Amino acid sequence: MGSTSVSTGSNPQGFHCVFVYGSLLADEVVRVLLKRVPDSSPAVLTGFHRFTIKGRVYPAILPVDNKKVIGKVLSGITTPELDILDTFEDVEYERHSVEVSLMDSSQKLQSHAYVWANSNDPNLYGDWDFEEWKAAHMNDFIKVTMEFMEELKLPEPKPRVETYDSIFNHSGDNSPIL
């Protein structure tokens, strides 16, 4: 009773919680990746900022004092599903354990979150807006995510960034990478 432990976004049954704040806010994208839509709760991550990334349509988060990111926590994520999310987030992000506050109860919860790996990236700027992304990019992003999932079935799949680059930069134009 007297001991305390730090949760790392998982529970004794092996399920994980993942804080999402970008394209994974869209149930349609999550369904393509996980073949289901897990339970979720609106949540706030304090001490972070959600940036737009030049040349990309998805956001990045990094620690920033006096800022907060509104997103949601996906719960009941299995270890194989967490592996899929790790692969999807690729080398651009690192999975961290963070504390989030659930908006419907103010309960604090340890969760995984994908934090931008390059904290000095000069391509990060401003604020990323989910509703703008949803209207302008979600349908194409879902198609690309389906291609990514097909790529994962191959014996030597390309990383997500390479898959997205090959699909969206094949014409040589400077269209944003989804």
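If you're wondering where the values come from, they're calculated on a predicted model, not measured in any experiment. Starting from 1, each residue takes its place in the sequence as its number.
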Side chain proximity check, Val64 to Phe48, heavy atoms < 4.5 angstrom:
no
Check whether any side-chain heavy atom of Val57 lies under 4.5 Å from a side-chain heavy atom of Asp140, and answer yes or no.
no
State whether the number of non-hydrogen atoms from other residues, nucleotides or ligands found under 6.0 Å of Asp39 atom CG is greater than 12.
no
If you take all heavy atoms of Glu156 and Glu151, which pair is closest and at what distance?
O-OE2, 4.2 Å
Treating Ile, Leu, Val, Met, Phe, Trp and Tyr as nodes and any side-chain heavy-atom pair under 4.5 angstrom as an edge, say whether Val115 and Phe88 lie in one connected cluster.
yes
Find out whether Thr79 and Phe15 are in side-chain contact, i.e. whether some heavy atom of one side chain is under 4.5 Å from a heavy atom of the other.
no
Is there side-chain contact between Asp127 and Arg50, with heavy atoms separated by less than 4.5 Å?
no
side-chain contact (heavy atoms from CB on, under 4.5 Å) evaluation trace for Ser75 with Cys17:
CA-CA 4 Å; Ser75 56; Cys17 294; 4.2 Å; yes
Is a salt bridge present between Lys153 and Glu150, judged by a nitrogen-to-oxygen distance below 4.0 Å?
yes
When you measure from the side chain of Ser40 to the backbone of Lys72, do you find a donor-acceptor pair of N or O atoms at a distance under 3.5 Å?
no
Looking at side-chain heavy atoms only, is the closest gap between Thr87 and Ile84 below 4.5 Å?
no
Trace of the side-chain contact (heavy atoms from CB on, under 4.5 Å) decision for Val73 with Leu102:
CA-CA 8 Å; Val73 172; Leu102 299 181; 4.1 Å; yes
Any chance the side chains of His16 and Thr78 put a donor and an acceptor closer than 3.5 Å?
no
Can Lys68 and Thr46 be counted as having a side-chain donor-acceptor contact under 3.5 angstrom?
no
Quick check: is Val29 connected to Leu152 through a chain of hydrophobic side chains (ILVMFWY, heavy atoms under 4.5 Å apart)?
yes
Identify whether Met103 and Phe130 are in the same connected component of the hydrophobic contact network (ILVMFWY, side-chain heavy atoms under 4.5 Å).
no
Can you find a side-chain donor-acceptor pair between Tyr93 and Asp86 that sits under 3.5 Å?
no
Neighbour count >12 (heavy atoms, 6.0 Å) for atom CG, Asn66:
no
Report the residues that fulfil side-chain contact (heavy atoms from CB on, under 4.5 Å) with Glu92, sequence neighbours left out, ordered by chain and then residue number.
Arg56, Tyr58, Trp116, Arg160, Val161
Linking I/L/V/M/F/W/Y whenever their side-chain heavy atoms sit closer than 4.5 Å, directly or via other members, would Met138 and Val37 fall into one cluster?
no
Taking the side chain as C-beta and beyond, is there a heavy-atom pair between Asp121 and Phe51 under 4.5 Å?
no
Might you work through the side-chain contact (heavy atoms from CB on, under 4.5 Å) test for Leu74 and Ile77, ending with a clear yes or no?
CA-CA 7 Å; Leu74 303 177; Ile77 301 296; 4.0 Å; yes
Go through Lys35 and Met149 one step at a time and tell me if the side-chain contact (heavy atoms from CB on, under 4.5 Å) criterion holds.
CA-CA 11 Å; Lys35 309 293 187 244; Met149 292 304 290; 4.2 Å; yes
Does some side-chain heavy atom of Leu62 sit less than 4.5 Å from a side-chain heavy atom of His49?
no
Taking the side chain as C-beta and beyond, is there a heavy-atom pair between Val18 and Val20 under 4.5 Å?
yes
Joint hydrophobic cluster, Leu34 plus Ile142, side-chain heavy atoms closer than 4.5 Å
yes
Side chain Tyr21, main chain Tyr114, donor-acceptor under 3.5 Å:
yes
